[in-house]
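Order of the sequence lines fixes the chain letters, A, B, ..., with proteins taken first and strands second; residue numbering starts at 1 for each chain.
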Amino acid sequence: SIAGTILIIPRLRPHVASERAVQSGSGSDNDSDPVPIVLPRFSVLAADSETTSTIIRNESESATVEVYNISGDLRDAQTRRTVLQRSGMTRSGNDGGRIALRSVSRLTVPQRGAVEHVADNSRFSAKPGTSDRNKTTHSPLSLVPSLGGVMRRRRNGPLMISSVDVAVTPMMLRGVKYPNAHAVRVRLHAPCEADTDWLEFGLAQAASLLTPGPSDPSKRDGTQPSVDIVNVSVDGVPVRFESSAFAKQERNAMISLGPSLDQEIQSDWITWVRVHVGDQGGLVIVDYVVN
Amino acid sequence: DVLVPTFALPIGRLEVTVE
């Protein structure tokens with residue numbers, strides 16, 4: 001038996017969200033026709049037979065979850081299985097399904113003053129004790145809409161990373177200190193509204209940064225460090241990342257890093273990492289171990 | 001050698017601490 005939890009978190013684009021809030025009084029057509037998400041499906045490759053069951057639970061304060069069959073027109077009443085209010089749940093079997101979030105605020109709030117009401121909700125629910133709703137906000141899921149509301153910030157400065165804090169901890173196992181093994185924690189605030197949802201960085205061998213140009217590859221072959229990305233999170237939530245090691249022959253030529261790096265430096269890239277930060281920005285923490 | 005990240009974006013400040 002294999003069990004897991006899939007968190008589906010709304011993605012709020014700052015500028016789009018604010019535009020929608022302004023339009024909400026006139027009834028945005030986006031709200032009347034939410035975009036469904038196909039439930040992820042899992043399969044055990046080596047199994048002779050398997051049964052998959054998905055429990056869909058709505059923990060969002062500000063949205064209902066509409067559950068649809070895997071196929072069929074969304075506007076067809078036969079396609080929609082059920083609508084989950086907060087704390088409601090339903091089960092989906094082997095055939096899978098689709099779900100869509102529908103904002104509650106837009107349905108229940110009077111048209112006049114809708115913008116203020118939405119903003120107040122998100123602000124209050126982030127502070128315990130200021131609203132009756134907080135009696136049920138123990139789950140991190142229920143905080144997600146609140147965080148999205150608080151973090152709607154538009155960047156009007158340059159696209160850059162304001163600061164990067166790197167903490168290096170030398171590794172010691174069974175009392176023996178490994179000469180070059182170390183753990184690294186990188187903390188930075190990803191810029192919001194960047195051109196891409198991905199934050200990228202490379203790890204290069206420091207020695208070659210100090211001695212650019214042709215070097216002695218034979219000397220380095222036996223000492224190339226390996227990098228293991230342990231965890232990547234944004235605002236405390238683990239996020240998707242990709243890590244690729246470079247073969248020796250392709251290290252120098254593959255990456256175009258833009259104007260921030262000295263193009264004269266011939267680095268020996270060990271690893272290139274891409275972190276899916278979204279466009280909201282947020283505190284990115286990356287932990288990795290170098291051996 | 002300590003492997004510290006090199007970012008594709010410009011960085012305002014980089015602070016490295018060895019604990």
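A pairwise comparison of heavy atoms in B/Phe7 and A/Leu199 identifies CE2-CD2, 4.2 Å as the closest pair.
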Inset, instruction - In sequence, state the C-alpha distance, the side-chain angles, and the governing distance for B/Leu9 and A/Met160, and then conclude on side chain to side chain contact (heavy atoms under 4.5 Å, CB included). - result: CA-CA 6 Å; B/Leu9 290 173; A/Met160 65 181 294; 5.7 Å; no

Inset, instruction - Go through the steps to decide whether B/Leu14 and A/Val166 satisfy the test side chain to side chain contact (heavy atoms under 4.5 Å, CB included), and finish with yes or no. - result: CA-CA 8 Å; B/Leu14 174 66; A/Val166 179; 3.8 Å; yes

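Proximity to chain B involves both the backbone and the side chain of A/Thr169, based on heavy atoms less than 4.5 angstrom apart. Looking at A/Pro191, the atoms closer than 4.5 Å to chain B (heavy atoms on both sides) all sit in the side chain, from C-beta outward.
Under a cut-off of 6.0 angstrom, the local environment of CZ in A/Arg274 is crowded, with over 12 non-hydrogen atoms contributed by other residues, nucleotides or ligands.
With respect to B/Arg13, the side-chain contact (heavy atoms from CB on, under 4.5 Å) criterion is satisfied by exactly one of A/Ile161, A/Asp165, A/Val164: A/Asp165.
Annotation: salt bridge (charged side-chain N to carboxylate O under 4.0 Å, His left out) contacts involving residues 224-233 of chain A, sequence neighbours excluded, are absent.
A search for side-chain contact (heavy atoms from CB on, under 4.5 Å) contacts involving A/Val227 returns A/Leu203, A/Ile229, A/Ile270, A/Thr271, A/Tyr288, A/Val290, B/Leu3, not counting sequence neighbours.
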